[in-house]
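Treat the numbers as computed from the prediction; the structure is a model and nothing was measured.
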Amino acid sequence: MRQIIFHEETKTFHLYNEKISYILCVLENGHLGQLYFGKRLHDKADFSYLVEKCERPMTSYIYEWDRTFSLEHIRQEYPVYGTTDYRHPAIELLQENGSRISEFQYDSYEIIDGKPKLPGLPATYTESEGEAQTLRIFLKDALTGAKLALLYTIFDEYSAIARSAYIENAGEKNLHVLNMMSLSLDLPDKDYEWMQLSGAWSRERYIKNRTLEQGITAIDSMRGNSSHEHNPFLALKRHNTDENAGEAIGISLVYSGNFRMQAEVDTHNVTRITAGINPEGFDWKLEPGESFQTPEAVLVYSENGLNGMSQTFQKLYAKRLARGYWRDKARPILNNNWEATYFDFTEDRLVEIAGKAKECGVELFVLDDGWFGARRNDRAGLGDWVANEELLPNGIKGLSERIEALGLKFGLWFEPEMVNKDSDLYRAHPDWILQTPGRNTSHGRYQYVLDFARKEVVDYIYGMMTKLLSESKISYIKWDMNRSITECYSSKLPSDRQGEVFHRYILGVYDLYERLTNEFPEVLFESCASGGGRFDPGMLYYAPQGWTSDDSDAIERLKIQYGTSMCYPLSSMGSHVSVVPNHQVFRNTPLHTRANVAYFGTFGYELDLNKLTEEEIKEVKEQIAFMKEYREVLQFGTFYRLKSPFEGNETVWMVTNEDRTLAIVGYYRVLNGVNQPYSRVRLQGLDPDMVYENVWNHTENYGDELMNYGLITSDVTAGEVPGNVTHCTDFESRIYMLKGKKVQGGR
């Protein structure tokens with residue numbers, strides 16, 4: 001049950017479902033005020049007492065006769081700067097006379113069932129009108145003629161609200177949008193810890209926490225992609241909140257380009273959260289009649305801790321952001337050749353690797369970088385999406401047919417947004433890259449960024465990719481992006497539109513994805529950006545899974561996948577068993593631990609299985625059989641984080657199926673110990689009245705025992721190791737399978 005109510009007498013909007021309420025009102029000056037976001041409240045006509053006002057020194061006031069009404073001290077819904085509010089605004093327009101002052105006043109509203117699509121942008125969606133309701137609030141700036149629409153969608157099944165904003169220049173003069181946030185939220189206090197997901201290449205989405213204090217706390221990207229450094233996600237949690245209890249607010253931006261997410265705490269402890277396109281360098285020209293739509297931000301509230309927040313994001317994004325043929329399907333187990341061969345391969349060697357993979361039970365073979373043009377290293381060939389016939393004499397078509405003849409599906413790597421200078425494409429169109437006239441043009445990995453703000457560039461790449469996909473038997477595309485944008489300038493745009501290039505570039509990427517996924521709906525797309533450099537909700541809309549990180553080491557992946565799970569579903573996380581010593585950290589980890597981590601994701605192998613021993617091949621076959629049996633729950637079940645790799649030597653997480661008759665627990669210990677204490681972990685999400693058999697040791701316990709006393713995880717490190725017991729080592733892990741059944745008569 002969800003509903004949006006407008007109380008006409010008090011001009012108050014109340015959006016609510018069974019879990020949450022969002023309340024806003026029209027203030028006396030026509031602006032919108034923010035009253036409440038949190039746990040569901042009873043509806044009533046008048047919440048005006050929540051508009052807190054008082055007279056304060058050194059404050060500017062709207063009305064001469066009222067020394068209490070100042071926007072500096074009133075919580076607002078979509079604030080502007082300069083008309084008594086000195087805090088950072090949600091929107092800033094540059095007018096032809098040089099003024100940046102706006103006055104958006106309430107005009108009207110509409111409530112519709114379902115959720116409208118955002119043109120050209122990824123966003124959550126509904127499949128029936130009964131799943132959600134959407135509120136549009138229309139505001140006008142009388143002086144400039146600008147019309148602003150704020151969109152709010154509240155879902156029936158999720159404690160989430162999707163927000164965005166739309167502006168139209170209905171005046172007679174040009175406007176420049178310098179800042180336009182997807183979301184602004186004023187909270188009445190600052191008693192939160194700020195959580196962000198930050199890192200760098202191969203250590204993406206580490207959890208970082210800090211206490212909010214007066215001033216600015218922010219994360220952003222100015223790289224042209226959402227970045228390895230900061231994910232477009234934040235959480236605010238109360239100081240007593242943990243994984244399973246307490247209040248948490250999560251905000252996720254459905255966007256893949258430059259962004260900013262910010263908390264501004266004023267000196268009266270009011271917290272303003274803004275999220276949207278990074279305003280640094282942004283300047284979108286609106287001629288009369290033109291419009292602009294912001295990306296979507298998703299706002300989640302949980303009273304059940306961080307797990308409750310994450311489960312809302314995970315279920316919403318898995319079912320109502322990811323789309324298409326593969327959304328609800330278990331993902332194929334794949335073998336990628338990159339860490340097996342890098343650029344050193346022939347067609348026959350690839351078929352040999354694929355043959356062994358098929359023998360082990362793999363379902364999909366993926367050819368990574370190096371198959372096209374003059375691509376014998378990373379200095380040449382990008383942009384020339386034609387098979388190198390010296391390596392592949394039968395082309396991609398012939399190779400794909402040989403792979404399918406083995407009984408496998410075939411997948412292929414592309415990096416469509418990039419070009420090497422040593423390529424036929426660059427030699428024919430040197431003006432097709434982003435470069436600033438008269439300035440040095442920087443490279444990254446010896447490559448340059450194609451100007452996807454230009455339609456003819458996107459059309460050309462689309463033509464090359466569709467030709468290959470149409471002629472060959474390709475079931476999977478790994479879409480890579482291996483550098484950020486520098487010298488951002490498009491030779492096709494006039495000087496007063498250069499501030500649009502970053503956003504137009506991302507719109508070009510989205511356009512290419514949209515066309516390809518529509519043209520080839522049964523091809524599984526996996527996004528990649530040197531691993532996790534563009535692992536964001538915008539990509540998830542087009543590619544239901546992403547390569548989580550180029551770091552495939554199992555121990556490093558504990559932190560990466562734990563952090564990623566704060567917002568993203570397991571079905572979106574590309575997670576593979578890779579070669580040892582690991583190619584990023586040169587660590588040797590047991591084969592079973594590599595698999596035990598990779599199970600909690602899409603699962604695959606990054607190695608040449610021909611190089612494993614017979615004993616290891618036997619283990620691989622068992623791993624694949626296990627994943628095939630349980631991948632539905634591992635990819636689409638309800639996920640719980642139990643012990644954090646950021647807080648100790650052990651990591652524990654688990655997943656349950658829908659009726660809670662199956663739970664799979666992953667236990668990981670980084671370093672071994674000597675004569676360790678007994679250990680146990682309290683599980684979550686079980687049926688307290690169900691009896692669960694621990695398949696590992698055939699013990700039986702009620703669900704309430706496992707959740708209140710805990711699952712015993714003690715092993716031989718607790719004492720002297722007997723000679724007839726397999727000893728533990730560093731990088732130890734175990735999978736606990738718990739199968740539940742109802743007991744006659746209950747307790």
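Annotation: cation-pi pair Lys421/Tyr448 present, NZ/CZ under 6.0 Å from the ring centroid and within 45° of its normal.
Rounding to the nearest 0.5 Å places CD of Gln293 at 8.0 Å from OG of Ser182. In this structure, CG on Asp511 lies 7.5 Å from CG on Asp459, to the nearest 0.5 angstrom. Rounded to the nearest 0.5 Å, atoms CD (Glu526) and CG (Leu524) are 7.0 Å apart. Here Phe259 contributes atom CZ and Leu253 contributes atom CG; the two are 7.5 Å apart, rounded to the nearest 0.5 Å. In this structure, Arg100 CZ and Leu93 CG are separated by 10.5 Å, a value rounded to the nearest 0.5 Å. Distance check: Thr134 OG1 to Phe155 CZ gives 7.5 Å after rounding to the nearest 0.5 Å.
Contact of the Pro569 side chain with the Lys319 side chain is not registered, since no non-hydrogen atoms from C-beta on lie closer than 4.5 Å. Residues Pro416 and Met465 form a side-chain contact, since some pair of their non-hydrogen atoms from C-beta on lies under 4.5 Å apart. Using a 4.5 Å heavy-atom threshold, the side chains of Tyr206 and Ile560 count as touching. In this structure, Leu382 and Phe372 have side chains that are in contact, with non-hydrogen atoms separated by less than 4.5 Å. Looking only at side-chain heavy atoms (C-beta outward), Thr274 and Arg260 come within less than 4.5 Å of each other. Side chains of Val298 and Leu321 form no contact here, defined as non-hydrogen atoms less than 4.5 Å apart. Contact annotation: the side chain of Lys409 approaches that of Glu404 to within less than 4.5 Å [non-hydrogen atoms, C-beta and beyond]. Taking 4.5 Å as the limit, some side-chain heavy atom of Gln95 sits within range of a side-chain heavy atom of Leu175.
Taking the six-membered ring where the residue is Trp, Trp385 and Phe414 present tilted rings, their angle falling between 30° and 60°. Using a 30° and 60° split on the angle between ring planes, Phe292 and Trp284 fall in the tilted class, from 30° to 60°. Ring pair His503/Tyr255 is tilted by interplanar angle, where 30° to 60° counts as tilted.
No salt bridge links Asp480 with Arg445; every basic N to acidic carboxylate O contact stays at or beyond 4.0 Å. Glu296 has a carboxylate O that lies under 4.0 Å from a charged side-chain N of Lys115, or vice versa, which qualifies the two as a salt bridge. A salt bridge does not link Arg515 with Glu519: every distance from a Lys NZ or Arg NE/NH1/NH2 to an Asp or Glu carboxylate oxygen is 4.0 Å or more. Taking the charged nitrogens against the carboxylate oxygens, Glu514 and Arg323 do have a contact shorter than 4.0 Å, which makes a salt bridge. Of the charged side-chain nitrogens involved, none lies within less than 4.0 Å of a carboxylate oxygen, so that Glu606 and Arg557 do not count as a salt-bridged pair. The existence of a salt bridge linking Asp422 and Arg427 is confirmed by a sub-4.0 Å separation between a basic side-chain nitrogen and an acidic carboxylate oxygen. With salt bridges taken as basic N to acidic carboxylate O contacts below 4.0 Å, none links Glu415 and Arg483. A salt bridge between Glu127 and Arg327 is present, with a side-chain N of the basic residue lying under 4.0 Å from a carboxylate O of the acidic one.
The salt bridge (charged side-chain N to carboxylate O under 4.0 Å, His left out) search around Glu417 returns Arg534, not counting sequence neighbours.
Heavy atoms only, all atoms of each residue included: Gly395 and Ala387 are closest at CA-CB, 3.9 Å. Here the closest heavy-atom approach between residue Gly381 and residue Asn420 is recorded as N-OD1, 3.4 Å. The minimum heavy-atom distance between Ser572 and Leu540, with the atom names listed, is CB-CD1, 3.8 Å. Listed here is the closest heavy atom pair of Gly532 and Glu204: N-OE2, 3.4 Å. Across all their heavy atoms, Asn337 and Asp368 have their closest contact at OD1-N, 2.6 Å. Contact between Leu364 and Pro332 at its shortest, heavy atoms only, is CD2-CG, 4.0 Å.
For the pair Glu264 (side chain) and His88 (backbone), a donor-acceptor distance under 3.5 Å is present. Counting only distance, with no hydrogens or angles, the side chain of Gln635 and the backbone of Gly601 share a donor-acceptor pair below 3.5 Å. A side-chain donor-acceptor contact under 3.5 Å links Arg163 to the backbone of Ser184. Checked by atom type and distance alone, the side chain of Asp384 pairs as donor or acceptor with a backbone atom of Asp424 at under 3.5 Å. Checked by atom type and distance alone, the side chain of Ser291 never pairs as donor or acceptor with a backbone atom of Glu168 at under 3.5 Å. For the pair Tyr505 (side chain) and Arg454 (backbone), a donor-acceptor distance under 3.5 Å is absent. No donor-acceptor pair closer than 3.5 Å links the side chain of Asn169 to the backbone N or O of Glu290. The backbone N or O of Thr548 lies less than 3.5 Å from a partner atom in the side chain of Arg205, making a donor-acceptor pair. Under the 3.5 Å distance criterion, the side-chain polar atoms of Ser472 are matched with a main-chain donor or acceptor of Lys397. When atom types are taken as modelled, the side chain of Asn231 and the backbone of Leu197 share no donor-acceptor pair closer than 3.5 angstrom.
Each of Ile485, Thr441, Leu450, Thr486 was compared with Leu434 under the side chain to side chain contact (heavy atoms under 4.5 Å, CB included) criterion, and only Ile485 meets it. Between Trp338 and the choices Phe343, Trp413, Trp371, the ring pair (Phe, Tyr, Trp, His ring centres under 6.0 Å) rule is met once, by Phe343.
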Could you go step by step and tell me if Asp431 and His429 meet the side chain to side chain contact (heavy atoms under 4.5 Å, CB included) rule?
CA-CA 5 Å; Asp431 63 319; His429 300 284; 4.0 Å; yes
Start with the C-alpha distance between Glu522 and Tyr325, add both sets of side-chain angles, then the distance that settles side chain to side chain contact (heavy atoms under 4.5 Å, CB included), and finish with yes or no.
CA-CA 6 Å; Glu522 294 188 12; Tyr325 179 83; 3.7 Å; yes
Residue pair Leu425, Tyr460: steps toward the side chain to side chain contact (heavy atoms under 4.5 Å, CB included) verdict
CA-CA 10 Å; Leu425 175 58; Tyr460 179 85; 3.5 Å; yes
Criterion side-chain hydrogen bond (donor to acceptor under 3.5 Å, both in side chains) on Glu487 and Gln435, from CA distance to verdict:
CA-CA 5 Å; Glu487 293 85 43; Gln435 55 187 331; over 6 Å; no
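Defined by atom type and a distance below 3.5 Å, a donor-acceptor pair is missing between the side-chain atoms of Arg376 and Asn388. For the 3.5 Å distance criterion, the side chains of Thr602 and Arg331 fail to qualify, holding no donor opposite an acceptor. Looking only at atom types and distance, the side chain of Gln584 has a donor-acceptor partner in the side chain of Ser552 under 3.5 Å away. For the residue pair Ser202/Asp550, the side-chain donor-acceptor check at 3.5 Å is not satisfied.
Within a 6.0 Å sphere centred on CD of Glu280, heavy atoms belonging to other residues, nucleotides or ligands number 12 at most. The number of heavy-atom neighbours closer than 6.0 Å to CD of Glu110, taken from other residues, nucleotides and ligands shown, is above 12.
Evaluation of the ring pair (Phe, Tyr, Trp, His ring centres under 6.0 Å) test over residues 530-550, restricted to residues two or more places apart or in two chains, returns Tyr510-Tyr542, Tyr513-Tyr542, Phe535-Tyr568, Trp547-His576.
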